Every structure is written in structure tokens, then in C-alpha cells.
Amino acid sequence: MEKFKEIGLKLTPQRIAILDYLEGNTEHPSAEEVYRAVSKKFPTMSFATVYNTLEALRKRGSVLELTIDPGKKRFDPNTHPHHHLICLRCRRIVDIHGNYDLSLSAEKKNDFDIMGNHIEFYGICPKCKSVEIES
Ligand code: ZN
Ligand code: MN
């Protein structure tokens, strides 16, 4: 994510803090998590500021909205094509970089112009597995 790319909003210190938090973040935070982290520095900041900033970034394609966590929307500042692994227990999301041959035959394309694809792998992460063994 280009941190100071025109986001169509005035770059207030709060918004810069949101952009700073997202820059290089691979945790796929929810809006609540962004709010919690950034409000440590800006206790007076409202959740609406975080939410609206994320929405503005999403509309401009500067962050991706991930819908693979049924509990909440998650945001990804890495807009390069990649895939994801999700833990079914703790909802941790991990990036997967790799090329999978997902070409569609003319028939399967249904006359769509294909713009991309996204694979979701799901399972149990090592942390959750170790909890399972202990208990
Ligand atoms: Zn887990
Ligand atoms: Mn990602």
C-alpha cells in the first residue's frame, strides 16, 4: 500500500496513524482491531473515523476487504494477488503466495472476462493444534 496515496480524505494525524498501522500489516485486522490499535495513540478517535477511512481505502483499491471470516470483515493492505489460509478455530489468516493453475475453459468462463481468483484454504493452525493436545 502506498501510504500517502491520495485517499480522497484529508490526511489528519488520526488517518495517518491508521495508514501507518496498515502499512505492511499481515494480520488481516478487522475494523475493530484497527480501532483498538490506533486509539492507543489517539484515545479521542471515533470508531466511525476508522470505519470511514477503511471504506475510503477500500473504494480506491488501497486495501482489500476479505470476507473469508464469517465473524467480521477483515482488511488486507496487501493488494497484490495472493491466497489465504484461515484457522477455523482462532480465525487467524495467513498469506499464501503461489501460482495455481486456475485457468478456465471457454465454456466454464460463461462469457465472463476473468479478472482474478482467490483460494481459501482452511484448517487448524499450529497454536490451536497445540491447545488441543494439551487439553
Ligand atoms: Zn488457530
Ligand atoms: Mn493477505
Side-chain angles (χ1 to χ4, degrees):
M1 187 173 72
E2 286 166 63
K3 193 156 43 160
F4 298 111
K5 193 154 91 179
E6 236 321 306
I7 61 163
L9 292 169
K10 225 173 83 191
L11 277 179
T12 61
Q14 279 107 323
R15 291 196 181 116
I16 291 168
I18 294 168
L19 295 173
D20 274 336
Y21 177 73
L22 290 172
E23 178 77 16
N25 188 318
T26 57
E27 302 290 309
H28 308 92
S30 64
E32 290 78 13
E33 282 159 345
V34 176
Y35 173 66
R36 230 177 291 140
V38 180
S39 62
K40 279 182 196 149
K41 205 167 154 196
F42 293 97
T44 57
M45 189 180 54
S46 70
F47 179 72
T49 299
V50 171
Y51 190 84
N52 294 338
T53 304
L54 287 169
E55 272 301 292
L57 291 168
R58 185 189 61 77
K59 281 190 192 140
R60 299 193 160 238
S62 301
V63 296
L64 299 176
E65 182 185 298
L66 302 181
T67 54
I68 61 179
D69 179 351
K72 56 200 167 180
K73 279 190 221 170
R74 307 272 295 257
F75 294 90
D76 193 342
N78 181 359
T79 57
H80 296 287
H82 64 286
H83 306 287
H84 291 102
L85 250 174
I86 183 165
C87 176
L88 293 168
R89 296 268 156 79
C90 68
R91 304 293 175 190
R92 184 176 152 217
I93 298 175
V94 177
D95 288 335
I96 301 201
H97 298 277
N99 290 314
Y100 301 92
D101 181 18
L102 293 170
S103 49
L104 296 175
S105 65
E107 186 205 344
K108 285 180 181 161
K109 271 183 197 164
N110 290 281
D111 290 327
F112 276 53
D113 287 333
I114 307 298
M115 320 288 286
N117 57 59
H118 175 227
I119 306 180
E120 300 165 9
F121 294 91
Y122 38 87
I124 310 295
C125 78
K127 241 191 213 165
C128 293
K129 262 194 298 188
S130 66
V131 169
E132 218 165 61
I133 292 160
E134 277 163 30
S135 56

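These numbers were taken from a predicted model, which means no experiment stands behind them. Read the numbers this way: they start at 1 and go in the same order the structure lists the ligands and their atoms.
Below 30°, between 30° and 60°, or above 60°: for Tyr100 and Phe121 the angle between ring planes is between 30° and 60°, a tilted geometry.
In Tyr51, the OH atom is not crowded: 12 or fewer heavy atoms of neighbouring residues, nucleotides or ligands sit closer than 6.0 Å.
Remark: at the Mn ion (ligand 2), atom NE2 from His82 and atom OD2 from Asp76 enclose 90°, rounded to the nearest 10 degrees. Centred on the Mn ion (ligand 2), the angle running from His84 (NE2) to Asp95 (OD1) is recorded as 100°, rounding to 10°.
Considering only heavy atoms from C-beta on, Leu19 comes within 4.5 Å of Leu11 through its side chain. In this structure the side chain of Leu22 reaches within 4.5 angstrom of the side chain of Leu57, judged on heavy atoms.
With waters left out, the protein N, O or S atoms under 2.8 Å from the Zn ion (ligand 1) add up to 4.
Between the side chains of Asp76 and His84, at least one donor-acceptor pair of N or O atoms lies under 3.5 Å.
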Dump the intermediate steps for side-chain contact (heavy atoms from CB on, under 4.5 Å) on Glu33 and Glu27, then the final yes or no. CA-CA 10 Å; Glu33 282 159 345; Glu27 302 290 309; over 6 Å; no

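Taking Glu65 as the reference, Arg58, Lys73 meet the salt bridge (charged side-chain N to carboxylate O under 4.0 Å, His left out) condition, with sequence neighbours excluded.
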